[in-house]
Amino acid sequence: MNEATFIALDSKDLLIAAGLLLLAGALSWRLQLDVERRLLIAAARSTVQLLLLGLILHTIFASQSPWLITLVMTVMLGVAGYEAWSRQTRRLRGWWGYGTGTLSMLLSSFTIAVMSVAIILQPSPWYHPQYLIPLLGMMLGNTMTGIAVAMDTLGRETWSRRGEIEARLMLGDLPGLAIGDIRRGALRAGLIPIINSMTTAGVVSLPGMMTGQILAGGDPFEAAKYQLMILFLIAAGTALGSASAVVIMSRRLFDERDRLRLDRLH
Amino acid sequence: MGSLRVTDLQRPGLGPVSLSIGPGETLCVHGSSGSGKTLLLRAIADLDPNQGQVTLDELIREKTPAAQWRRAVMYLAPEAHWWAEQARPHAPAWPEAMLSALGLDMNTLDREIRLLSSGERQRLALIRALVREPRVLLLDEPTANLDPHSTEAAEKLIGDYLQQHAAAALWITHDPAQRARVATHVRQMDRGNLL
């Protein structure tokens, strides 16, 4: 076993990194890039958000209350659902728009995160927040992107190719056939990012979670195994989540008489 | 057989409209644009939400699966849409007789659709519908893009089809001469109502 140690950061270390950020801001000001304000606001936001998260996780780890864990996970799911919703240009009207993405994430990342902690990692107690919450965060962050891309593609393509879809309905095709090509394209679009990141993992990019584990003093080979598990779970979650989102959304685009209902899209 | 009966059909901008067409008959509908002719045809084919009763012989629209209904009661839009690059995949068969009756040949099927003229596309769209053997044809200006010669050929093809299959047609046309040639009945549409 590698005897690497964990180097804790103190405020001086953070200040040095922040100084480099100020340098970037000064550069933007000097070159009139006009992003220095946004850069500083974003930096301030991430400071507050991450320190707050650290504090909250600290409390949760200490208390290990199942109710508190459930509450945090629900909030994470809710925010991820909103984020997936807001990234779509042509989205379903009403609660269907928010609900479809959120339900798909509940079905995919939520279940997979809980199952993998309970079955693969088996900490004690099984809902140990140190494993459950970071894993859920990873799953949500990635499936959210896939689901948002898939739903966005489905909405936009259905809108712009409505003539083709209706032409097939007029000739007596079922909705599934009429929108089949578009549905497949949307699902493919949702899966491309995770396929790409699996392809380049370790060659071009060193995945964030593996980096973190190595910096924290973990053995690189152990870190690689963890990263692999995460990648597989994310790929499975993205496929399941995007598929369920595309199925629910494309069904909603037709009514009980198999009419194309674009009035249900924004 | 195709005996179409429409009772109190309505949706925003349309009706209530009632009409009936018997086997082999052609009801021509005319009226200024915006009078609801296309809405009427789309409503009969159940492409937009609407209320009212529509029956075809023994078939009751609400009790017939939507896809089956639209195969029997087929709407032909003024501008056909195509989902593949060539015409061939759009129909299970392209009878030589129909193609040559409209002055087309097999080569047309493998050319890129976007390179075809609007008249060629309209004639292909007519064949793509007829080979599915609908019992009622809802024709929305089916010859709008055709020259006089092709128009005559299309009218003859449709007329023959209606006789052979005892099918019915609801035909929207602005051309009084065409009405005189093809109609067995004529009605005018005005502000969503059939006069």
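Throughout, protein chains are lettered first and strands after them, A, B, ... in sequence-line order, and every chain is numbered starting at 1.
- Applying a 4.5 Å heavy-atom cutoff, the residues of residues 129-148 of chain B that approach chain A are A129(B), R132(B).
- Neither the backbone nor the side chain of R161(A) comes within contact range of chain B; no heavy atoms are under 4.5 Å apart.
- Every residue two or more places apart in sequence or in another chain that forms a ring-ring contact (aromatic ring centres under 6.0 Å, His included) with H90(B) is listed here: W82(B), W83(B).
- Taking a 6.0 Å sphere around CZ of R88(B), one finds it holds more than 12 heavy atoms contributed by other residues, nucleotides or ligands.
- For R111(B), the salt bridge (Lys or Arg N to Asp or Glu O under 4.0 Å) partners are E120(B), not counting sequence neighbours.
- Within a 6.0 Å radius of CD in E112(B), more than 12 heavy atoms belonging to other residues, nucleotides or ligands are found.
- Within 6.0 Å of the CD atom in E62(B), the count of heavy atoms belonging to other residues, nucleotides or ligands exceeds 12.
- For R70(B) (side chain) and G172(A) (main-chain N/O), no donor-acceptor pair under 3.5 Å exists by modelled atom type.
- The two residues D173(A) and A67(B) have their closest heavy-atom pair at O-CB, 4.1 Å.
- Of the residues considered (E79(B), R61(B), Q68(B)), R61(B) shows the highest number of contacts with chain A, using heavy-atom pairs under 4.5 Å.
- For the pair R257(A) and A66(B), the tightest heavy-atom approach, listed with the atom from each and the gap, is O-CB, 3.1 Å.
- Taking every heavy atom of both residues into account, L171(A) and M74(B) meet most closely at CD2-SD, 3.7 Å.
- A167(A) and H81(B) make their closest contact through CB-O, 3.6 Å (heavy atoms, listed as atom of the first residue, atom of the second, distance).
- Within 6.0 Å of OH in Y131(A) there are 12 or fewer heavy atoms belonging to other residues, nucleotides or ligands.
- With a 6.0 Å radius and a threshold of 12 heavy atoms from other residues, nucleotides or ligands, E152(B) has its CD atom at or below the threshold.
- Applying the 6.0 Å contact sphere to CZ of R93(A) captures more than 12 heavy atoms from other residues, nucleotides or ligands.
- Listed by sequence position, R42(B), D46(B), L47(B), D48(B), P49(B), N50(B) are the residues of residues 29-58 of chain B in contact with chain A, using a 4.5 angstrom heavy-atom cutoff.
- Annotation for R261(A): atom CZ counts as buried by contact number, over 12 foreign heavy atoms lying within 6.0 Å.
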